[in-house]
There are 2 protein chains.
Amino acid sequence: MAAYANSEHTKKALIETAGSLFAEYGVKAVTTRQIAKESGENIGIIHYHFGGKDGLLDAVLDYASEEWRDGRLERFVEEHAKLLENPLWHVEFLEKFVDYFYDMLLSDGKPLWCGTLIFQILQREGEISDRVYERISRSIIGLISGIYRQMTGDKDTENAYCWTMSLISPAVLMAVDSASVKRFSGTDKIPDSLIHKIKNIATINAAAGLTILKTRKLNND
Amino acid sequence: MAAYANSEHTKKALIETAGSLFAEYGVKAVTTRQIAKESGENIGIIHYHFGGKDGLLDAVLDYASEEWRDGRLERFVEEHAKLLENPLWHVEFLEKFVDYFYDMLLSDGKPLWCGTLIFQILQREGEISDRVYERISRSIIGLISGIYRQMTGDKDTENAYCWTMSLISPAVLMAVDSASVKRFSGTDKIPDSLIHKIKNIATINAAAGLTILKTRKLNND
DNA sequence: GTCTATAATCCGATAGAC
DNA sequence: GTCTATCGGATTATAGAC
């Protein structure tokens, strides 16, 4: 089935070229001609495979977000739910969770543009943005806020949101800001040593944050 | 000078409308007709005042980044440099710095789109992006990394970068991700109680991070 | 300074050959 | 499945009236 294989190759080349260009210049700023030229394909084939530029964007977003929609993060939390039951095991849970979550965001082999493009789409209003938000942002924030509630018993929404942000924001910012990563490291890959350090700090900060939010009652001081 | 006043009013209306639209849909996706229509002005006047769409973008970026280019953050650090000399005063310095920096990012009265647009421009390659990076990102990261070096004596670039990220990333992410703020709070304004909590956590985390990076030698474990 | 009509360019989509 | 020529529409920029 050489024809089929070639067809898949064509689609993949279009998706990866389009995603990289979309993330850097914005979806509207990139022309189908430019995508065709840079991927070595032609304009007509975009409409044949994806029905047009909008269909190609859908395919690109599916590609960029697949590991965030297959439920693997939820499954990871379920598999380690036992560690949430005893406060003595909370730091161990946080270590494991940060390790898994930060790897998903920063070193899962996906191109750097994926996070940047998802972020870009989230900024605009409309149906695509709402879909991406529901399936990714909202489910992650909901999951981590649930972990916070289970660990602390604190029902305060803002406390949960703050704790979630202090846990994930260094990684999310790096995943979303591919330009800074390139400018700092000089490459398209975040150095492993940097990921290792940032995981360490995030784990310790998250553990400290638990205590602070529980004891200081930040909402009342 | 009614004519002059009107002219300034026209320019301001164009800048604010354009900035808001640029941030949400991407610079290329917004047409000069749309800017003219939504601001109540006309297309011709954009070219009269700004020389075209590119000139308008320059003006918008100047407006969005003015407090980051006037040296007030550097001046703030200079004025409190005494607190860096004695480790006993470091937490006090961090409290004051986080308070000042987070207010600059999150509640200085500037519209929410400013951070989002600056971030968008930083993602693309080219002269404008490099200029924004040098004048804003690089100067902030350099300033805070310098504070880290002065406090710890640690010359490691990655350690300084990690510490800087863990200090600023919650605020930067909120400043840059206006869509999340709107979705979480339901308004265009970040709730003061949320800013207060996030400042608190950031200060404590930064103080803890100092100790960790100094003692644990994260680069070697 | 402000506005409108128009010129020159470029885009997404498609028809139809191969 | 792949490619090219072309159509209709939209965009920026501008010329010129007021």
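Just so it is clear: chains get the letters A, B, ... in the order the sequence lines come, proteins before strands, and each one is counted from 1. In this text the structure is predicted, and so the values were computed from the model without any measurement.
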What pairs with A/Lys96 under side chain to side chain donor-acceptor pair (under 3.5 Å), at least two apart in sequence or on another chain?
A/Glu92

Closest-nucleotide mapping onto DNA chain D: is A/Asn42 or A/Lys28 further toward the 5' terminus? I mean the 5' end.
A/Asn42

Would you please name every residue forming a side-chain contact (heavy atoms from CB on, under 4.5 Å) with B/Lys182, sequence neighbours left out?
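Partners of B/Lys182 under the side-chain contact (heavy atoms from CB on, under 4.5 Å) test: B/Leu112, B/Asp188.
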
I'd like to check the side-chain contact (heavy atoms from CB on, under 4.5 Å) partners of B/Gln150; sequence neighbours left out, ordered by chain and number.
B/Leu84

Can you tell me which residue pairs pass the salt bridge (Lys or Arg N to Asp or Glu O under 4.0 Å) test with a partner in residues 157-166 of chain A, sequence neighbours excluded?
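Sorted result for residues 157-166 of chain A: A/Glu158-B/Lys197.
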
Give a yes/no on whether any side-chain N or O of A/Thr32 is located under 4.0 angstrom from OP1 or OP2 of C/dA13.
no

Does B/Thr10 place a side-chain N or O at less than 4.0 Å from the phosphate oxygens OP1/OP2 of C/dT2?
yes

Between residues 43-53 of chain A and DNA chain C, which residues have a heavy-atom gap below 4.0 Å?
A/His47, A/Gly52, A/Lys53

Mind running a 4.0 Å heavy-atom check of residues 33-41 of chain B against DNA chain C and sending the residues that fall below it, in number order?
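Here the set is empty: none.
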
Provide the full list of ring pair (Phe, Tyr, Trp, His ring centres under 6.0 Å) pairs with a residue in [range], sequence neighbours left out, each pair given once.
{"range": "residues 29-58 of chain A", "answer": "none"}
{"range": "residues 165-195 of chain B", "answer": "A/Tyr161-B/Phe184"}
{"range": "residues 125-148 of chain B", "answer": "B/Tyr148-B/Trp163"}

Partners meeting salt bridge (charged side-chain N to carboxylate O under 4.0 Å, His left out) with A/Asp54 (sequence neighbours left out)
none

Angle, rounded to 10°, between the helical axes spanning five pairs at each terminus of the helix from C/dG1-D/dC18 to C/dC18-D/dG1?
10°

Whole-Å gap separating C1' (C/dT14) and CG (A/Asp54)
16 Å

If only side-chain N and O atoms count, and only distance matters, is there a donor-acceptor pair under 3.5 Å linking A/Arg131 with A/Ser65?
no

Output side-chain donor-acceptor pairs under 3.5 Å for residues 22-32 of chain B, partner residues at least two apart or in another chain, one line each.
residue	atom	partner	partner atom	Å
B/Glu24	OE2	A/Glu125	N	3.1
B/Thr31	OG1	B/Gln34	N	3.1

